[in-house]
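Below: one structure, written as structure tokens.
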Amino acid sequence: MAIPTSIEENKQVVRRFIKQIFEQGRMEAIDGLVAQHFTPHSWGGVKPGIDNFKQAVQRVSAGVTDVHFDIQDMIAEDDKVAVRLQVHAKHTADFMGLPAAGREHTISETHIFRVQDGKVVEHWRDADMLSLMQQIGALPAPGDKKAA
């Protein structure tokens, strides 16, 4: 049976999730903030389950440094928390199949978290991947003189 939590408690769980897992890549924080049956709805091939989530976090954390998440809006209702933010990072190793570019990127993202019993059980993400690819040099950016 689910333990009722307040909207403010859910927002705190999401803040800690973003800071400790996404921003700091702290693997030890996952067990305390993520449910065993965690479902990533928009993570390109990552299957449900906490172990699959841990592997995905390790892959992303290994590819970027100087990561910072700036939460711009956080809206919550019932068991869902929506977050609009900007993320900044430096592409320093293999990232999404691309070799290290050493370039920085700043993009906007929108996340929706479903929190149950003080843990994140579901997650959706929409990110400006076109800008990310342009900023790390994987795609030409507007005004680039190079041929694609």
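Computed from a predicted model, the values in this text were never measured in an experiment. Side chains are part of it too, since the values below use all heavy atoms of this structure and drop only hydrogens, waters and symmetry mates.
Atom OG1 of T39 and atom CZ of F53 lie 12.0 Å apart (nearest 0.5 Å). To the nearest 0.5 Å, atom NE2 of residue H91 and atom CE of residue M133 are 8.5 Å apart. Atom CZ of R84 sits about 13.0 Å away from atom CG of D126, to the nearest 0.5 Å. Interatomic distance, H123 NE2 to W43 CH2, rounded to the nearest 0.5 Å: 6.0 Å. Annotation: the span from I50 atom CD1 to L33 atom CG amounts to 9.5 Å, rounded to 0.5 Å. Taken to the nearest 0.5 Å, the CG atom of L85 stands 5.5 Å off from the CD1 atom of I18.
Considering all non-hydrogen atoms of both residues, V14 and V81 come closest at CG2-CB, 3.7 Å. Nearest approach of P48 to P40, heavy atoms of both residues: CA-CD, 3.8 Å. When all heavy atoms are compared, the tightest approach of R103 to G137 is NH1-CA, 3.1 Å. Closest approach of A93 to A62, counting heavy atoms only: CB-O, 3.2 Å. Here the closest heavy-atom approach between residue S61 and residue G25 is recorded as OG-CA, 3.7 Å. In terms of heavy atoms, L132 sits closest to I107 at N-CG2, 3.6 Å.
Contact of the E104 side chain with the Q135 side chain is not registered, since no non-hydrogen atoms from C-beta on lie closer than 4.5 Å. D31 places a side-chain heavy atom less than 4.5 Å from the side chain of K54. Under the 4.5 Å side-chain criterion, counting only non-hydrogen atoms from C-beta, I21 is in contact with V34. Using a 4.5 Å cut-off on side-chain heavy atoms (C-beta onward), H37 and Q116 make contact.
Cluster membership check: V87 shares its hydrophobic cluster with I71, using side-chain heavy-atom separations under 4.5 Å among Ile, Leu, Val, Met, Phe, Trp and Tyr. Note on V46: it clusters hydrophobically with M129, by side-chain heavy-atom contacts below 4.5 Å among ILVMFWY residues. Grouping the Ile, Leu, Val, Met, Phe, Trp and Tyr side chains by contacts below 4.5 angstrom, directly or via other members, places M27 with V64. Under the 4.5 Å side-chain heavy-atom criterion for ILVMFWY residues, a single connected hydrophobic cluster contains both F38 and V60.
Under the 30°/60° scheme for interplanar angles, the aromatic rings of F113 and F22 are found to be tilted.
Within 6.0 Å of atom CD in E77, 12 or fewer heavy atoms from other residues, nucleotides or ligands are found, so the atom counts as exposed in its surroundings.
For H88 (side chain) and H105 (main-chain N/O), a donor-acceptor pair under 3.5 Å exists by modelled atom type. A donor-acceptor pair under 3.5 Å is formed between the side chain of S42 and the backbone N or O of R125. In this structure, Q20 contributes its side chain and R26 its backbone to no donor-acceptor pair below 3.5 Å.
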Steps toward side chain to side chain contact (heavy atoms under 4.5 Å, CB included) verdict (F69, E109): CA-CA 10 Å; F69 283 74; E109 296 184 354; 4.0 Å; yes
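Ion pairing between a basic and an acidic side chain is recognised when a charged N comes within 4.0 Å of a carboxylate O; R59 and D94 show no such pairing. Comment: D66 does not engage K90 in a salt bridge, judged by the lack of any side-chain N to carboxylate O separation of less than 4.0 angstrom.
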